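In what follows, a single structure is set out as structure tokens and then discussed.
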Amino acid sequence: MAPSAHTRRIVIENCAIATVDAADTEYASGHVVVAGNRIESIGAGPAPEGLEDVVRRIDGTGHLATPGLVNTHHHFYQWITRGLATDHNLFNWLVALYPTWARIDEKMTYAAAQGSLAMMARGGVTTAMDHHYVFPRGAGDISGSIIRAAAETGVRFTLARGSMDRSEKDGGLPPDFAVETLDGALAATEATVKQHHDASFGAMTQVAVAPCSPFSVSTELMRQGAELARALGVRLHTHGSETVEEEKFCHELFGMGPTEYFESTGWLGEDVWMAHCVHMNDADIAAFARTGTGVAHCPSSNARLAAGIARVPDMLAAGVPVGLGVDGTASNESGELHTELRNALLINRLNSHHREAALNARQALRLGTHGGAQVLGRAAEIGSLEAGKLADLVLWKLDTLAHSSIADPVTALVFGAAAPVTLSLVNGEPVVEDNHLTRVDEDAVARSTRAEAQRLARIAAQG
């Protein structure tokens with residue numbers, strides 16, 4: 001769609017550009033012209049002359065422009081339970097924290113979402129997602145509070161409306177009082193999609209159907225959840241193949257491995273993406289590739305919980321869509337996606353098979369941008385810098401002490417320290433300027449999240 005007359009334009013010039021388009025086009029010194037909420041033009045050298053209605057010109061000398069980062073897996077509410085159970089594997093960690101998480105309420109989830117979103121946005125995330133699956137009775141409008149926080153921060157957002165109905169009495173991990181009923185979960189999920197999902201091009205809010213995991217969800221909820229998502233025309237998300245304990249659980253309970261179980265319940269397909277996928281054999285990877293099922297790779301969380309190293313190079317070679325995820329900040333306390341670029345590269349090089357050839361800097365950047373857009377079903381809109389796509393982009397400052405002696409800007413961004421964000425645009429609007437959020441008071445968010453973390457700790461201690 002061509003910009004209309006008198007469209008406000010932002011011109012960025014003299015910066016290095018990594019477009020992450022299909023050809024991995026890069027410019028050592030180039031320009032980006034934003035018209036309204038779209039990228040109007042991009043290329044080498046200065047911007048075209050004679051542009052009208054230019055409201056801002058930015059000299060990008062010493063900077064790298066990239067697509068905005070896309071986060072494909074997170075649990076915002078965990079921002080107020082960071083730093084707990086730091087020496088546990090996944091199942092023990094969940095058992096330790098579920099009793100606390102089951103006491104969250106709307107005010108807590110709003111504050112936690114603010115904290116999670118603020119940290120990500122300040123670090124270059126322009127599209128975020130939240131997999132929220134804890135809905136205590138009487139806790140208020142939790143989904144609405146999360147969506148409100150995302151809108152206030154200014155980022156593009158997918159809410160994966162999660163659910164759990166398999167509690168301890170049914171052989172699951174959550175305490176009995178922390179789960180929903182099958183019918184209640186399905187009805188609430190449908191209501192959330194109908195109230196909040198926007199299917200249009202450039203949507204700022206979308207909703208996915210997202211039962212939590214095989215060990216906290218009944219087979220019927222998995223099966224009916226998939227049917228519901230497809231009836232409503234939205235995507236599906238869950239956790240999959242995260243640990244050896246999960247694989248053992250699936251074999252004992254269902255008589256098959258996680259991937260076979262997912263396929264038997266309708267949970268493989270181009271409209272599905274799964275978090276982690278650490279313990280995948282060749283047949284599992286082939287099934288994901290055959291069906292177009294996506295993966296949210298969460299390297300820091302996988303290391304924090306000693307889950308293992310996902311076979312990301314093998315997935316990419318097979319054609320599996322792969323993006324990056326922060327995961328919940330109770331298993332990745334930094335809560336920043338740009339550090340996952342570096343960690344994805346480094347951790348995958350520890351794989352004994354691929355070693356130094358596992359991933360390179362540009363592959364890592366692609367995971368965090370185009371790969372994430374692909375996994376969320378939005379690659380036609382975001383994930384690369386191309387004319388006609390939405391103006392979600394980041395200008396990284398690379399001329400300071402931390403990066404200035406690294407000649408290649410993409411190498412500097414991925415291998416180097418976390419780079420400051422001079423400008424982050426979402427839908428053509430600034431959400432970060434000079435490494436500070438433009439719409440949210442960071443100090444106020446810090447105070448609020450601390451207060452809500454302390455309130456939750458007191459409530460949990462009282463049982």
Side-chain angles (χ1 to χ4, degrees), residues 69-75 85-94 131 213-215 237-251 257-259 262 273-289 293-369 371-372 374-375 414-415:
L69 301 184
V70 179
N71 180 34
T72 62
H73 186 65
H74 208 317
H75 308 294
T86 56
D87 303 306
H88 293 52
N89 66 22
L90 175 66
F91 275 23
N92 292 336
W93 176 83
L94 289 171
H131 185 192
S213 63
F215 48 83
H237 180 59
T238 191
H239 296 89
S241 301
E242 186 173 357
T243 66
V244 291
E245 291 85 3
E246 177 189 336
E247 186 166 7
K248 180 181 177 182
F249 180 94
C250 286
H251 276 288
T259 300
F262 287 132
W273 85 104
M274 297 191 195
H276 303 295
C277 298
V278 175
H279 297 278
M280 301 265 284
N281 59 33
D282 290 347
D284 297 330
I285 292 174
F288 272 53
T293 305
V295 171
H297 177 44
C298 306
S300 294
S301 177
N302 293 344
R304 160 76 149 80
L305 296 173
I309 302 172
R311 296 173 57 187
V312 171
D314 295 330
M315 294 178 193
L316 295 175
V320 176
V322 182
L324 291 180
V326 170
D327 203 6
T329 48
S331 65
N332 178 1
E333 276 72 6
S334 74
E336 300 173 301
L337 190 70
H338 61 315
T339 58
E340 300 307 294
L341 302 176
R342 186 173 193 262
N343 289 345
L345 185 150
L346 296 179
I347 289 175
N348 279 281
R349 289 187 177 188
L350 293 175
N351 183 297
S352 60
H353 178 61
H354 296 284
R355 302 185 65 184
E356 70 276 5
L359 292 176
N360 61 39
R362 282 161 176 81
Q363 287 173 308
L365 178 59
R366 178 170 287 276
L367 289 176
T369 53
Q374 189 179 11
V375 162
V414 175
F415 278 86

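Remember, predicted model here, so these are calculated numbers, not experimental data. We use all heavy atoms of the structure for the numbers below, so side chains are in, but hydrogens, waters and symmetry mates are not.
Annotation: salt bridge (Lys or Arg N to Asp or Glu O under 4.0 Å) contacts involving residues 311-325, sequence neighbours excluded, comprise D282-R311, R311-D314. Counting only residues at least two apart or on different chains, the salt bridge (Lys or Arg N to Asp or Glu O under 4.0 Å) pairs with a member in residues 324-347 are R304-E333.
Pairing each heavy atom of A296 with each of W273, the nearest pair is CB-CD1, 4.1 Å. Taking all atoms of both residues into account, the shortest heavy-atom contact from V326 to S301 is O-CB, 4.4 Å. What you find for S241 and P258 is that their closest heavy atoms are OG-CB, 3.4 Å. Shortest non-hydrogen contact noted between F288 and M274 is CZ-SD, 3.8 Å. The two residues S331 and L305 come nearest to each other via the heavy atoms CB-CD1, 3.9 Å. Contact record, A364 with V414: CB-CG1, 3.9 Å, taken as the closest heavy-atom pair.
Residues H251 and E247 meet the side-chain proximity criterion, which asks for heavy atoms closer than 4.5 Å. For the pair L90/E242, a side-chain contact is recorded, criterion being any heavy-atom separation below 4.5 Å from C-beta on. For the pair L359/L316, a side-chain contact is recorded, criterion being any heavy-atom separation below 4.5 Å from C-beta on. A 4.5 Å side-chain heavy-atom check between E246 and H279 finds every atom pair outside the cut-off.
Listed by chain and number, the residues in a ring-ring contact (aromatic ring centres under 6.0 Å, His included) with F215 are F91 (sequence neighbours excluded). Listed by chain and residue number, L345, A358, F415 satisfy the side chain to side chain contact (heavy atoms under 4.5 Å, CB included) test with R349 (two or more places apart in sequence, or in another chain). Qualifying ring-ring contact (aromatic ring centres under 6.0 Å, His included) partners for H297, counting only residues two or more places apart in sequence or in other chains: none. Remark: H338 pairs with no residue by the ring-ring contact (aromatic ring centres under 6.0 Å, His included) rule, at least two apart or across chains. In terms of the side chain to side chain contact (heavy atoms under 4.5 Å, CB included) criterion, residue partners of A287 (sequence neighbours excluded) are, by chain and number, T259, L268, R290. Legend: residues meeting side chain to side chain donor-acceptor pair (under 3.5 Å) with N92, ordered by chain and number and at least two apart, are N89. Here T339 pairs with nothing under the side chain to side chain donor-acceptor pair (under 3.5 Å) rule; sequence neighbours left out. Annotation: side chain to side chain contact (heavy atoms under 4.5 Å, CB included) contacts of P321 (sequence neighbours excluded): Q374, V375. For the side chain to side chain donor-acceptor pair (under 3.5 Å) test, residues two or more places apart in sequence or in another chain that qualify with S334 are N332. Remark: T238 pairs with no residue by the side chain to side chain donor-acceptor pair (under 3.5 Å) rule, at least two apart or across chains.
In this structure, the separation between OG on S300 and CG on L346 is 10.0 Å, given to the nearest 0.5 Å. Between the CE atom in M280 and the CE atom in M315 there is a gap of 4.5 Å [rounded to 0.5 Å].
The aromatic rings of H276 and H239 sit parallel, their planes meeting at an angle under 30°, below the 60° perpendicular limit.
Side chains of H73 and H75: a donor-acceptor N/O pair is present below 3.5 angstrom, by distance only.
In this structure a side-chain-to-backbone donor-acceptor pair under 3.5 Å is missing from N351 to N348.
Partner of L324 under the side-chain contact (heavy atoms from CB on, under 4.5 Å) criterion, out of L337, T369, L365: L337 alone.
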